[in-house]
Amino acid sequence: MKVLFLTIGGFSGINDHGIYPDLLREFVKHGHEVYVVCSEEKRSGRRTWLATEEVRRTDNADDISVSRESGSRGATHQIPPAHILHVRIGNITKTNLIEKGISTVMIGRQYEAAIDKYFGSGKSNRRSRKESVGPANHKTGDRHGGFDLIMYSTPPITLAGVVEHLKKRYHARTYLLLKDIFPQNAVDIGMMSTAGLKAPLYRHFRKQEKKLYAVSDRIGCMSPANVRYVLEQNPEVLQRHLAAGGSASERMTDTSGQSDGSNAGKSVGRQRGIVEVCPNSVEPQDMSLPDEERMQLRRLYDIPEDKTVFIYGGNLGKPQGIDFMLRCLHTQRKNKDAFFLIVGSGTEFDRIHRYIEKYKPDNIVLKESLPKEDYDRIVAACDVGMIFLDHRFTIPNFPSRLLSYMQARVPVLALIDPNTDVGEIIADNPSFGWWTESDDVHTASALIKDISHMDAQKLSAVGDNGYNYMISNYDVRDAYETIMKEMKGIQ
């Protein structure tokens, strides 16, 4: 089967560790040909370029020796490499709203033209770039007869036209990995409006959102709350969902028809309808570190060895509710048992920097984004991972950084809005962290102080719960099986 994956994010390689490389690698392991289309922003100075990569062999040869015919492990067929097309687009990050808006609108046309040029009928003259061992006779750009499955993630919703064009052209099935509910999320935090001067922009993007749902054969959501929201807010999607045998309820059933009241993130059995839970998932790795190595890393990064270290890593923008974050941190200035490490970038980075410059707290450090490998090691050297979401959100966000904490066996503290179900999942029995709403500084401050006084053994036990939950609920093999149920009968 030939699979095309569209994303506007960067995609550095099929062998990276993350929700998209891990998922696509699972397709490759089962013998499917994978084609990726990702973005290359103008500021990089690079033009559109094509790479061919092969999944690296691991200690377990079965990991990449999967029968193309049966999917059974232990076969010895060589599998095809992945083709990654980096499409030059305008700047959509670290730029002003006007450039970002124009660049976002243009992505669809740019992707469509690049796909036609590099993956369309006929052969490409480009030479493939081999990154590992693999079939010597496989050339990128060979005539492939079209795609069987097109997968794509949000943001952005402006890929709807590309998906529609490719679906008709190749008679392919389509699967939306819904990671972002736009434009409502922008309305929630005041960046867009349903009335006034900004209303036409909202209506345009809302129309694009509906178009994307309409062209999607199935919609995979990050959590039950996301399923419920999509069905409640989109009557036309609900109508299709019910016609396909789905339910208006977000509850799930296993293959025996028993209710799945626990393990809300688990993909269990065949979910009827067109909207289902297909959560952020990874190839499970234990990223925790021995105590000695943790302390060495703390010394390397000037992180105290005798304090409870809280880390926040990721985007530092309006969705994170930076005002509430700073108010919480301000209450901890005299907490001698707590240390806060903030790692990331975004529109609010300078605001946090100015706060630190003004108040000079000795228990808060701000660092710019780090290479993923370095960041993952720092997370494992900390005691608690933090999640922040603006309290105004009406959409149920589900931050992917949760997985970084779980893989490092680090317990989670979530300060979040009332509409996400990430807090409920964290509090599942046994819990792997704590949560409270992000509109009550007093309650959040008290919770932080309580956690900072917990002994290391207690924190370690809570972190172990998170790792075990990830293994049971966020294994990429389950996400693969969920998606492939839509493709039953196609090899």
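Y20 has its side chain within reach of K179: a pair of non-hydrogen atoms, C-beta onward, lies under 4.5 Å apart. Side chains of N226 and P396 form a contact here, defined as non-hydrogen atoms less than 4.5 Å apart. Two residues are said to be in side-chain contact when any heavy atoms from C-beta on lie closer than 4.5 Å; L366 and F349 meet this criterion. Counting only heavy atoms from C-beta outward, the side chains of F119 and H83 approach each other to under 4.5 Å. Side-chain contact between L231 and V227 is present, with at least one heavy-atom pair separated by less than 4.5 Å. Here the side chains of V163 and L6 are in contact, with some heavy-atom distance below 4.5 Å. Contact annotation: the side chain of I19 never approaches that of D22 to less than 4.5 Å [non-hydrogen atoms, C-beta and beyond]. Using a 4.5 Å heavy-atom cutoff, the side chains of D291 and M295 are not in contact.
With sequence neighbours excluded, no residue satisfies salt bridge (Lys or Arg N to Asp or Glu O under 4.0 Å) with E424. Partners of K307 by side-chain hydrogen bond (donor to acceptor under 3.5 Å, both in side chains), not counting sequence neighbours: none found. With sequence neighbours left out, S345 forms a side-chain hydrogen bond (donor to acceptor under 3.5 Å, both in side chains) with S369. Qualifying ring-ring contact (aromatic ring centres under 6.0 Å, His included) partners for F27, counting only residues two or more places apart in sequence or in other chains: H32, Y480. Every residue two or more places apart in sequence or in another chain was checked for a side-chain hydrogen bond (donor to acceptor under 3.5 Å, both in side chains) with Q233, and none qualifies. For V462, the side chain to side chain contact (heavy atoms under 4.5 Å, CB included) partners are P411, W434, K458, not counting sequence neighbours. Applying the side-chain hydrogen bond (donor to acceptor under 3.5 Å, both in side chains) rule to Y152 yields the partners S216; only residues at least two apart in sequence or on another chain are considered. For F182, the ring-ring contact (aromatic ring centres under 6.0 Å, His included) test picks out F205, with sequence neighbours left out. Residues satisfying the salt bridge (Lys or Arg N to Asp or Glu O under 4.0 Å) criterion with K211, sequence neighbours excluded, are E164.
Between the side chains of D417 and T420, not a single donor N or O lies within less than 3.5 Å of an accepting N or O. In summary, the side chains of D180 and N185 do present a donor paired with an acceptor at a separation below 3.5 Å, with no hydrogens or angles considered. For the residue pair Y213 and R240, no side-chain donor N or O sits within less than 3.5 Å of a side-chain acceptor on the partner. Counted by atom type alone, S400 and N280 present zero donor-acceptor pairs between their side chains at under 3.5 Å.
Scanning all heavy atoms of the two residues, the minimum distance from A380 to S288 falls at CB-CA, 4.2 Å. In terms of heavy atoms, E368 sits closest to V343 at O-CG1, 3.7 Å. When every heavy atom of C382 is checked against every heavy atom of V309, the shortest pair comes out as SG-CG1, 3.6 Å. For the pair G317 and T347, the tightest heavy-atom approach, listed with the atom from each and the gap, is CA-OG1, 3.6 Å. Nearest heavy atom pair, residue E283 against residue Q407, reads O-OE1, 4.0 Å. Residues G9 and C38 share a closest heavy-atom pair of O-CB, 3.3 Å.
Remark: the backbone N or O of G18 is not paired with any side-chain donor or acceptor of K372 at under 3.5 angstrom. With hydrogens and angles ignored, the 3.5 Å screen pairs no side-chain donor or acceptor of E26 with any backbone N or O of L23. Remark: the backbone N or O of Y469 is paired with a side-chain donor or acceptor of N473 at under 3.5 angstrom. Between the side chain of N465 and the backbone N or O of S431 there is at least one donor-acceptor pair closer than 3.5 Å. In terms of modelled atom types and a separation under 3.5 Å, the side chain of D148 and the main chain of K2 share a donor-acceptor contact. A donor-acceptor pair under 3.5 Å is formed between the side chain of Y111 and the backbone N or O of S39. A donor-acceptor pair is defined here as one N or O able to donate and one able to accept, closer than 3.5 Å; no such pair exists between the side chain of Y170 and the backbone of R173. The main-chain N or O of K100 is found under 3.5 Å from a side-chain atom of T104 such that the two form a donor-acceptor pair. No side-chain donor-acceptor contact under 3.5 Å links H86 to the backbone of L50. Between the side chain of R25 and the backbone N or O of I14, at least one donor-acceptor pair lies under 3.5 Å.
Here the CG-CZ distance, from D16 to F11, works out to 7.0 Å after rounding to the nearest 0.5 Å. Interatomic distance, OH of Y467 versus CE of M470, reported as 5.0 Å (0.5 Å rounding). Rounding to the nearest 0.5 Å places CD of E481 at 5.5 Å from NZ of K485. To the nearest 0.5 Å, the span separating CD1 on I8 from CD1 on I107 amounts to 5.0 Å. Interatomic distance, CD1 of I483 versus CG of L177, reported as 5.0 Å (0.5 Å rounding). Interatomic distance, L403 CG to M287 CE, rounded to the nearest 0.5 Å: 12.0 Å.
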Working for side-chain contact (heavy atoms from CB on, under 4.5 Å), residues I378 and L370: CA-CA 10 Å; I378 286 183; L370 296 169; 3.3 Å; yes

E232 vs R228, test: side-chain contact (heavy atoms from CB on, under 4.5 Å). Steps then yes/no. CA-CA 6 Å; E232 289 177 350; R228 184 171 61 246; 3.2 Å; yes

Dump the intermediate steps for side-chain contact (heavy atoms from CB on, under 4.5 Å) on E437 and H391, then the final yes or no. CA-CA 7 Å; E437 291 188 19; H391 194 266; 2.9 Å; yes

side-chain contact (heavy atoms from CB on, under 4.5 Å) evaluation trace for C278 with Y175: CA-CA 11 Å; C278 186; Y175 196 102; 3.5 Å; yes

Y35 vs F147, test: ring-ring contact (aromatic ring centres under 6.0 Å, His included). Steps then yes/no. CA-CA 9 Å; Y35 297 76; F147 300 104; 5.2 Å; yes

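The pair E293-R377 counts as a salt bridge, with a side-chain nitrogen and a carboxylate oxygen less than 4.0 angstrom apart. At a threshold of 4.0 Å, the pair D217-K167 counts as salt-bridged, since one of the basic side-chain nitrogens sits closer than that to a carboxylate oxygen.
Within the structure, ring-ring contact (aromatic ring centres under 6.0 Å, His included) pairs that include any residue of residues 364-385 do not occur (at least two apart or interchain). The salt bridge (Lys or Arg N to Asp or Glu O under 4.0 Å) pairs that include a residue from residues 383-393 are R294-D383, R298-D383, D390-R392, where partners are two or more places apart or lie in different chains. Counting only residues at least two apart or on different chains, the salt bridge (Lys or Arg N to Asp or Glu O under 4.0 Å) pairs with a member in residues 462-472 are R409-D464.
With ring centers used as reference points, F310 lies 6.0 Å or more from F339.
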